[in-house]
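Working notes for the structure below.
We're numbering straight along the sequence, starting at 1.
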Amino acid sequence: MTQATKPREEPTFVPLGGSYHWRPDNVRTEPRIIEDSEGHLALPAVPTGPLGFFRESAGIRQPNETLGGLVLPHNIAVSGRENVFLLDGSAGRVLRLSLRDLRFFPLGSIDPAHGIKGTGEKGLDKPRMIAATSRELFVVDVAAGGGSRILVFDVHSLALVDLIALSDSDPGKLDLAVWRDEVFLLDFSNDSIQLRHRKGSGGPFNVLLPSGGAWPAGKALPEWRRLAVDQEKQVYLLNLTSGEEGLEEIHFTGEAPGYRVGERFSDARQLSDRFAPPAIRVDERGRLRLADPFLYGCAGESGLDPVTLFFDDSGERGMVDPEERPATNLFERSGIWYTELLDSDIFDCSWHRIEVEAETLPPGARLEIDTFTAPLKEKRRTRSGIADKLWQRNPALIGSLQAPRKTRVSGPENDAGTNSQRTDFLIQNPPGQLLFLRIRLSGDGRTTPRLRGLRVHFPRSSYLQHLPAIFSGDSESRHFLERFLSIFQTDWDDIERRVENLFHYFDPDTVPDAFLPYLASWLDVPLEGDWGPEQNRRLLVAAIRSLGKRGTPRALRDHVAVYLHNITGIEPERQEPFPVVIEGFRQRPCSREGALLDDMHTRGLWGREVVGRMQLGEYSREGEARMVSIGSPETDFFRVHAHRFQVIVPASWIRKSSDLDLLQRAIAEESPAHVCHSLSLVDSQSLVGLQSCVGVNTIVGGRSPRRIPGDADDVAEGRTRTNRLGVDTWLASANPCGGDDVTILQ
């Protein structure tokens, strides 16, 4: 009688960090490790140091409105690890920090030519506060006609993507808080309180409080004046009501009044482990100081020490006095992080290995991960009851003094970029259904290591099972062979996983960044070297969709729409009806009927000036007519408009000459070899006889409010320049004698 064998468990893994939850143990430890704004584990800043989370007073109420250092002030917004925005309210402008030059640069003068109609002298009339997600920049502004509004710009292209009117709200009684790509808006004006929520880009603001849009009768309004959201998306409101002062947890119930108050906090230190340290700190003098991760992300071309650098509220930089130079460490020298108990749901599970993904460790930094396994009956056991000698010590990662070597990515699921190091190690603990992890970081006090994520693989599928049973005869031989064979198994597992996931390499949405050029070469699609991976992915997706109709106007339009998306940040579905592609033969009826002809102007998109053949009584103005000796006048418009097409794009979308060159190159790449093409940039206006084709070249309204303008000296050729003396601007002075005559100065 043979005993039935237990079916072998399929290997799987538990992800920790990155886009997944770290699943920490709730028991606090000192010294500890924090989760930074990027979701990485790192050492905290020294509380009393130059990057300290708190200052002398950690009370919730502070003049700089940072809730004791938990949130950023109203004039600072941070998007990812590259963009820091500063609102200079006195000058009515927004600035962005250049990490290369360590200087704030204005995003451009918001003048009437590019502003929003009806807002007064500038596009931003009286900006009050800013906030930013990874994709959008929010600016709360006071409209010239009264009330307030929120202007939403794309972070990268600075195109205006949304305009939210708050006509009945006092701009001085608004507050914004950001959680990932979600935005919370607190409005406590007009003797009412509303908390609104906007999820994702382009979505509406939905009312969270009060339920039903009205506060319950007879209930006093709490004096909520500040809004904060922690890493777990828990909402906090600062209550200034007498006897109830403090930062209150708000839990939404769905029943009137729509909320209940949880724990109340009066000291910011009580919440320090719930909030990621802000990337910009405000010191006791109100100066803005760079903090990690921006501190060591600076290129350093300016030659300045970012540790001793500060900025005032207008973006002007300065250096701290010599006696203020940091005498202490910037970061703690060591820290410990415990995960919660990980359950495999497998009896006596043999945990396999841990895959570690960390940023390149600074010199002298150290990363250690210790393991402990236990049977299911010890599920209530806490890590505090585990003696230090019971933890299995594993090989440590140590920062090298040499330049890091770029590691080869083994698959789409392991794509970590170039500034990372990856390793794995075998879990050598005895079998057990439960697993504890203890993560220890240490550094030199000037920098901090960063752990991006972990993958805990289980159960162990050892090559030992493919050997004769004699090799597993005793436990000592079995354990030795399992560890020895795992050296080869790890490499073969990577190869097998790469083969199993080979289909990822043929999908633009899943192919690793390093293999994007390889996939593009298969499709004969040239990638743009200045674009990021996501921008090039959009290009490949559009190319695949257009393969069956390449060379047609529809394919060309889709291709150009992707370029416009990457240039402006406006999605193709929101670009309608642009870009417009008009084939030459469709222009002939307009030319014959004279619908778009005006011999007095040369700004027409089509007309006799295309050929300029001199004909007495027809087209004979000196300086415009040309001597054309070939062909017949009757067939000119057939010949000129044959084998050509035109692409029409709003001029406000093409801000710089580099954008124009990029778009022209995109059109040339997708144009059939025998066809000529041209690109027309159309201003936001409607001119009878010149721009009067609805859906083609007519844009009703004033100047397009699509973007905050950039460098005025880098305007794309073909785009109308504004405010130029002698072209579209005249200086005039009234006749002092009171007559009707006016002196025009050009």
So how far is it from [X] [atom1] to [Y] [atom2], rounded to the nearest 0.5 Å?
| X | Y | atom1 | atom2 | result |
| --- | --- | --- | --- | --- |
| Leu451 | Ile369 | CG | CD1 | 5.5 Å |
| Asp370 | Leu390 | CG | CG | 12.0 Å |
| Ser334 | Glu368 | OG | CD | 10.5 Å |
| Leu16 | Leu41 | CG | CG | 9.0 Å |
| Thr423 | Leu367 | OG1 | CG | 10.0 Å |

Cut-off 3.5 Å, side chains only: do Trp337 and Glu35 have a donor facing an acceptor?
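No.
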
Modelled atom types, side-chain donor and acceptor of Gln433 and Asp343, under 3.5 Å
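Yes, Asp343 and Gln433 have a side-chain donor paired with an acceptor closer than 3.5 Å.
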
Could you tell me whether a side-chain N or O of [X] sits under 3.5 Å from a main-chain N or O of [Y], the two making a donor and an acceptor?
| X | Y | result |
| --- | --- | --- |
| Thr373 | Pro431 | no |
| Thr339 | Leu437 | yes |
| Glu136 | Thr133 | no |
| Arg537 | Pro508 | yes |
| Thr510 | His504 | yes |

A cation-pi test, strictly: NZ or CZ of Arg196 under 6.0 Å from the centre of the six-membered ring of Phe205 and no more than 45 degrees from its axis. Yes or no?
no

Looking at Arg438 and Asp25, does any basic side-chain N land under 4.0 Å from a carboxylate oxygen?
no

Taking the side chain as every heavy atom from C-beta outward, state whether Arg135 and Val155 have any pair of such atoms under 4.5 Å apart.
no

Centres of the His197 and Phe184 rings: under 6.0 Å?
yes

Apply side chain to side chain contact (heavy atoms under 4.5 Å, CB included) to the pair Ile193 and Leu186, showing each step before the final yes or no.
CA-CA 7 Å; Ile193 293 178; Leu186 175 64; 4.1 Å; yes

With Tyr236 as partner, the option from Arg226, Arg274, Arg264 fulfilling side chain to side chain donor-acceptor pair (under 3.5 Å) is Arg274

CZ (Phe506) with more than 12 external heavy atoms under 6.0 Å
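Result for CZ/Phe506: enclosed.
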
In terms of relative ring orientation, are Phe458 and Trp351 parallel, tilted or perpendicular, with 30° and 60° separating the classes?
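Correct class here is tilted.
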
Not counting sequence neighbours, which residues clear salt bridge (Lys or Arg N to Asp or Glu O under 4.0 Å) with Arg353? List them please.
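Counting only residues at least two positions away or on another chain, Arg353 forms a salt bridge (Lys or Arg N to Asp or Glu O under 4.0 Å) with Asp424.
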
Listed partners of Glu244 passing salt bridge (Lys or Arg N to Asp or Glu O under 4.0 Å), at least two apart
none

Filter on salt bridge (charged side-chain N to carboxylate O under 4.0 Å, His left out), then keep only pairs touching residues 227-239, sequence neighbours left out; what's left?
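Listed by first then second residue: Glu182-Lys233.
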
